[in-house]
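Down below is the structure, laid out as C-alpha cells.
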Amino acid sequence: HAARESGVALLHFNAGMAAHYTERLQLAGRIHIAIDRGEFLLHFQPIMDAAEGSPVALEALLRWPQLDGSFIPPADFIQLCEDTGLIIALGRWVIHAAARAQQQLSAAGWQHLPIAVNVSAVQLFNSDLVGEFSRAMQDHGLARGALQMELTESVLMRNPTQALQTLGHLHANGVGVALDDFGTGFSSMSYLQHLPLDSLKIDRGFVTDVESNPRNAAICRALLSLGHSMGLSVIAEGVETEGQRRWLAAHGCDQVQGYLLGRPMPLEQVLAMLDESRSA
Ligand code: C2E
Ligand code: MG
Ligand code: MG
Ligand code: MG
C-alpha cells in the first residue's frame, strides 16, 4: 500500500515537473521567434537631478508586447533568457535599439542625455560586450558618454577579475557604469573601490518608506555617504512621492528615478516630455 502511494506521488511529481519544463521550453521558443521578428520594444524612464528636477539620463527597459495590448514584464522572461543564453541575442538587440533611440534624442537636441542599458551576467562574461557597445555607438554616430550600462553587485562578484577587465575596456570607450539595486547584494567594499564605476543606484526597497522607517533612512544615509566617498554619483530608484524626493535631495542624493518623475514610456512620449521641460 505504501509503495503504491509513493508511486502515485512520484507520478504526480513527474507530471508536474514535465509540465513545468514544457512550459519553459515553449516560452523560450516564443522568445526566440519574437527576437527574430523584432517584437520586443524599449520603454524609457527619465532620471532627474534630485534638486533641480532637470532630466539627466534615461533608463531603457525591455517590454514584450502581446496581441491583446498587454506587456509581459521583464521579471517573467529575463531569467529564462539568462538560463537559455537567449539573453545574448536579446541583449544585443537592446544595446542597438538604445543606441538608435539616443541618435533620435541627439537629432532632437538631447545629445547630452545618455541612455542606460541593463546588462546581465551572461552578457558580461559570455559575449563580446565591449565590441557590441562600440559597434552600436559607431553605427549610430554616438559620442562618448551617450550610452551607459547598469549591472548588479552579484553580477560583478561572480567573476571580479574578468568584470574589472571588461568594465575597464567599456570605460575607456566612454561607456559609463552604474551599480544597480545597490544595497541588496554582498559587495566587498575593498573590491568595489577598484572598479571603474560612475554611479550607485539605491534599491527601491530602501527608498519606499525612507521618511517613516528609521532603519531604511539610516541605510540610505550610509549608501549616500559610501557612494560619495568613492567619488560616485548616487541615484535613488523607485521614488514615488514628493516627500521621498525632498528627503533624498536634503540628504545629498544626486539623482532620482521613479513614478513621481515619470513612468517608463515610449520614446515619442519621452521626447514630448523633454520638449515641455525645455520650454518650462
Ligand atoms: P531595474 O533595472 O532595477 O529597473 C527598475 C524597475 O523598477 C523597472 O521595472 C521599473 O519599471 C520599475 N520602477 C521604476 N520606477 C518605479 C517606481 O516608482 N515604483 C515601482 N514600484 N517600480 C518602479 P521593469 O521595467 O519591470 O524591469 C524589472 C527588471 O528587469 C529591471 O530592474 C532589470 O533588472 C530587468 N530588465 C529590464 N530591462 C532589461 C534589459 O533590457 N536587459 C536586462 N538584462 N534586464 C532588464
Ligand atoms: Mg536598471
Ligand atoms: Mg534597479
Ligand atoms: Mg532590479
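Every number for a ligand or one of its atoms is a count from 1 in the order of the listing. Values below: every heavy atom of this structure, side chains too, minus hydrogens, waters and symmetry copies. Computed from a prediction, not measured in an experiment: that's the story for all the values here.
Set against the non-hydrogen atoms of Ile78, the atoms of ligand 1 under 4.0 Å away are 43 (C), 45 (N), 46 (C). Atoms of ligand 1 found under 4.0 Å from any heavy atom of Gln45, numbered from 1 in the order shown, are 14 (C), 15 (N). Residue Asp180 approaches ligand 1 through these ligand atoms, each under 4.0 Å from one of its heavy atoms: 1 (P), 2 (O), 3 (O). Applying the 4.0 Å criterion to heavy atoms of Ser120 picks out, from ligand 1, the atoms 44 (N). Shown in contact with Gly238 at under 4.0 Å from a heavy atom are these atoms of ligand 1, numbered in order with element: 16 (C), 17 (C), 18 (O). Atoms of ligand 1 found under 4.0 Å from any heavy atom of Glu240, numbered from 1 in the order shown, are 17 (C), 18 (O), 19 (N), 20 (C), 21 (N). Against a heavy-atom cut-off of under 4.0 Å, Pro264 is close to the following atoms of ligand 1: 11 (O).
The Mg ion (ligand 3) lies under 2.8 Å from an N, O or S atom belonging to Asp181. Among the atoms of Asp180, an N, O or S atom is found under 2.8 Å from the Mg ion (ligand 3).
A distance of 6.0 Å separates CG of Leu129 from CD of Gln123, quoted to the nearest 0.5 Å. Leu58 CG to Leu105 CG: the interatomic distance, rounded to the nearest 0.5 Å, is 5.5 Å.
Contacts of Arg263 with ligand 1, taken as heavy-atom pairs under 4.0 Å, are absent altogether. Contacts with ligand 1 closer than 4.0 Å are made by side-chain heavy atoms of Val94 only, the backbone lying farther away. Counting heavy atoms under 4.0 Å from ligand 1, residue Arg63 touches it through the side chain alone. Using a 4.0 Å cut-off between heavy atoms, Arg204 contacts ligand 1 through its side chain alone, with no backbone atom that close.
Both tests pass for Arg263 against the ring of Tyr259: distance under 6.0 Å to the centre and angle within 45° of the axis.
Between the side chains of Gln103 and Asp139, no donor N or O sits under 3.5 Å from an acceptor N or O. Side-chain contact of Thr166 with Gln162: a donor-acceptor pair under 3.5 Å is absent, judged by distance alone. Residues His96 and Glu132 bring a donor and an acceptor atom of their side chains to less than 3.5 Å of each other. Using modelled atom types, one finds no donor on one side chain facing an acceptor on the other under 3.5 Å when comparing Lys201 with Gln255. Under 3.5 Å, the side chains of Asn173 and Ser134 contain a donor-acceptor pair of N or O atoms. A donor and an acceptor atom, one from each side chain of Gln45 and Gln257, are located under 3.5 Å apart.
Summarising the contacts of atom 27 (O) of ligand 1 with Pro74, Gly91, Ala98, the nearest heavy atom is found in Pro74. Atom 42 (N) of ligand 1 has its nearest heavy-atom neighbour, among Asn118, Leu42, Leu261, in Asn118.
Partner Met48 forms a side-chain contact (heavy atoms from CB on, under 4.5 Å) with one of Leu261, Val56, Val239 and no other, that one being Leu261. Screening Phe40, Trp93, Phe71 against Trp64 for a ring pair (Phe, Tyr, Trp, His ring centres under 6.0 Å) leaves a single residue, Phe40.
Of the charged side-chain nitrogens involved, none lies within less than 4.0 Å of a carboxylate oxygen, so that Arg204 and Asp181 do not count as a salt-bridged pair. Between Arg135 and Asp128, at least one side-chain N (NZ, or NE/NH1/NH2) sits under 4.0 Å from a carboxylate O, which counts as a salt bridge.
Between the Mg ion (ligand 3) and the N, O or S atoms of Glu237, the shortest distance is to OE2. Summary: OE2 is the N/O/S atom of Glu59 found nearest to the Mg ion (ligand 2). Of all the N, O or S atoms in Glu150, the one closest to the Mg ion (ligand 2) is OE1.
Considering both main-chain and side-chain atoms, Pro73 never comes within under 3.5 Å of ligand 1 through any nitrogen or oxygen pair. Annotation: Asp181 places an N or O atom under 3.5 Å from an N or O atom of ligand 1; distance criterion only. An N or O contact shorter than 3.5 Å is missing between Glu82 and ligand 1 by distance.
By the 4.0 Å heavy-atom criterion, Glu59 is counted among the residues contacting ligand 1.
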